[in-house]
A.B. asks: 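The structure follows.
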2 protein chains.
Amino acid sequence: MKRRRSVARAAKTKPGKNAAPPKCAPKLALGQLDRHLGYFLRRLQIWVFQDFIETLRSMKVRPAQYSVLLLIEANPGRSQAVIGQTLGIERARLARLLHEMERRKWVARRASGSDARSHSLHLTADGEKELAKIKSLAERHEARLADHVGPKRHRQLMDLLRDFG
Amino acid sequence: MKRRRSVARAAKTKPGKNAAPPKCAPKLALGQLDRHLGYFLRRLQIWVFQDFIETLRSMKVRPAQYSVLLLIEANPGRSQAVIGQTLGIERARLARLLHEMERRKWVARRASGSDARSHSLHLTADGEKELAKIKSLAERHEARLADHVGPKRHRQLMDLLRDFG
DNA sequence: CGCACTTTGTTGTCAATGACAACATTCTGC
DNA sequence: GCAGAATGTTGTCATTGACAACAAAGTGCG
């Protein structure tokens with residue numbers, strides 16, 4: 001199916017308001033897909049991330065940043081290497097994440113006394129203040145997640161996955 | 001911490017063999033992180049995808065492609081729109097995925113009788129043959145996953161997530 | 001019928017992310 | 001002291017998600 005390419009790109013698509021109601025989900029067979037844990041894991045994980053990002057949009061915080069902030073809060077003074085290993089974030093990526101958080105004055109990198117190569121990571125006073133707001137929003141997200149999957153299932157999943165990790 | 005930039009980039013980093021054994025995991029406190037289902041969900045999901053990709057590396061099949069192949073197999077003749085909606089894959093991305101699978105002669109797009117806009121998706125004979133191999137590898141992956149999380153937990157997670165979806 | 005609007009598939013583009021390489025600096029083990 | 005490892009930094013590339021704009025075709029309504 002070849003279609004012509006046009007050069008002019010000017011006409012805006014303005015949404016009208018006499019649209020038909022959206023069609024229901026067509027309910028296809030999943031086939032072998034429903035024997036794969038990874039498939040369901042990923043579906044739920046996508047929902048979780050999207051809700052998290054939406055909930056924390058006002059703070060402009062993404063899941064990776066949030067996890068780094070929490071880990072610095074719980075383990076002040078540690079190095080980038082240790083934080084990255086714990087979260088599974090690669091060195092290069094963490095360096096850039098911290099660069100951004102330092103620019104926002106949420107995180108301070110101090111020289112480590114014991115190792116001149118590494119940085120000792122701390123939250124600034126600003127960072128702690130912002131993190132309090134962020135955690136409050138994150139709790140709201142978690143509540144919505146519990147509501148989405150059902151409180152009982154939420155508890156069960158949490159127990160299963162936490163024990164495993 | 002400013003560091004000089006150099007221009008010459010020639011010296012290779014050759015790994016030696018008198019390295020110290022890798023340090024053990026430093027076991028940091030997770031703080032609030034361990035109250036978030038999304039965190040554990042994501043950790044496991046990353047493991048799953050990496051193992052899947054590694055297991056199917058020889059076939060050069062990634063999770064998204066695999067899910068599309070399975071869905072076409074289970075629902076031959078459906079349109080791209082329906083497949084994409086079911087899997088949560090955006091139209092544009094699915095078009096490019098299918099372009100690749102068509103190039104590999106695994107998938108055929110036929111004209112739909114009822115709607116000249118849409119394509120009717122089918123596996124080719126080649127596609128079915130390859131998919132058989134792919135499914136066999138995918139089962140091996142799933143077995144490894146069950147071993148990783150524990151067979152009992154694997155069953156429980158599967159039940160919880162499948163019922164929910 | 002004509003018209004407005006939607007739907008489907010396509011391509012272009014951008015941002016976020018993961019992965020990896022190369023580097024300066026510093027540490028460690030011998 | 002030295003080779004090699006570790007740490008943090010920057011550069012680059014591939015994949016992915018998201019969105020916009022488009023042509024072609026369907027839908028509903030006057």
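Labels below follow one simple rule: chain letters A, B, ... track the order of the sequence lines, proteins then strands, and each chain is numbered from 1.
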A.B. asks: Quick check on contacts: within residues 93-104 of chain A, what sits under 4.0 Å from DNA chain C by heavy-atom distance?
C.D. replies: A:R93, A:R96
A.B. asks: I want to verify a distance call: between D:dT9, D:dT15, C:dC27, whose nearest atom is closest to the B:R62 side chain?
C.D. replies: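 The closest nucleotide is D:dT15.
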A.B. asks: Do other residues, nucleotides or ligands put more than 12 heavy atoms under 6.0 Å from the NE2 atom of B:H99?
C.D. replies: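 Atom NE2 in B:H99 is not packed in, count stays at 12 or less.
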A.B. asks: If the threshold is 4.0 Å, N to carboxylate O, is there a salt bridge linking A:E142 and B:R35?
C.D. replies: no
A.B. asks: How many Å lie between CZ on A:R78 and P on D:dT7, as a whole number?
C.D. replies: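 These atoms are roughly 12 Å apart.
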A.B. asks: Rounded to whole Å, please give me the gap between CZ in B:R91 and P in C:dG12.
C.D. replies: 16 Å
A.B. asks: Quick one: label B:Q80 by what it contacts on the DNA or RNA (base, sugar-phosphate, nothing), any heavy atom closer than 4.0 Å.
C.D. replies: sugar-phosphate
A.B. asks: Inspect the contact between B:D51 and B:R144 and indicate whether a charged nitrogen and a carboxylate oxygen are less than 4.0 angstrom apart.
C.D. replies: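 Salt bridge present between B:R144 and B:D51.
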A.B. asks: Strictly below 4.0 Å, heavy-atom distances to any atom of DNA chain C: list the hits from residues 39-61 of chain B, or just say none.
C.D. replies: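 Residues of residues 39-61 of chain B that come under 4.0 Å of DNA chain C are, in numerical order, B:R42, B:Q50.
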A.B. asks: Please identify each residue that fulfils ring pair (Phe, Tyr, Trp, His ring centres under 6.0 Å) with B:H122, with sequence neighbours left out.
C.D. replies: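 Checked B:H122 against ring pair (Phe, Tyr, Trp, His ring centres under 6.0 Å); zero matches.
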A.B. asks: Please identify which of these residues, B:R78, B:K129, B:K135, meets the salt bridge (charged side-chain N to carboxylate O under 4.0 Å, His left out) condition with B:E73.
C.D. replies: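 Going through the options one by one, the only one that passes is B:K135.
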A.B. asks: Between C:dT26 atom P and A:R117 atom CZ, what is the distance in whole Å?
C.D. replies: 10 Å
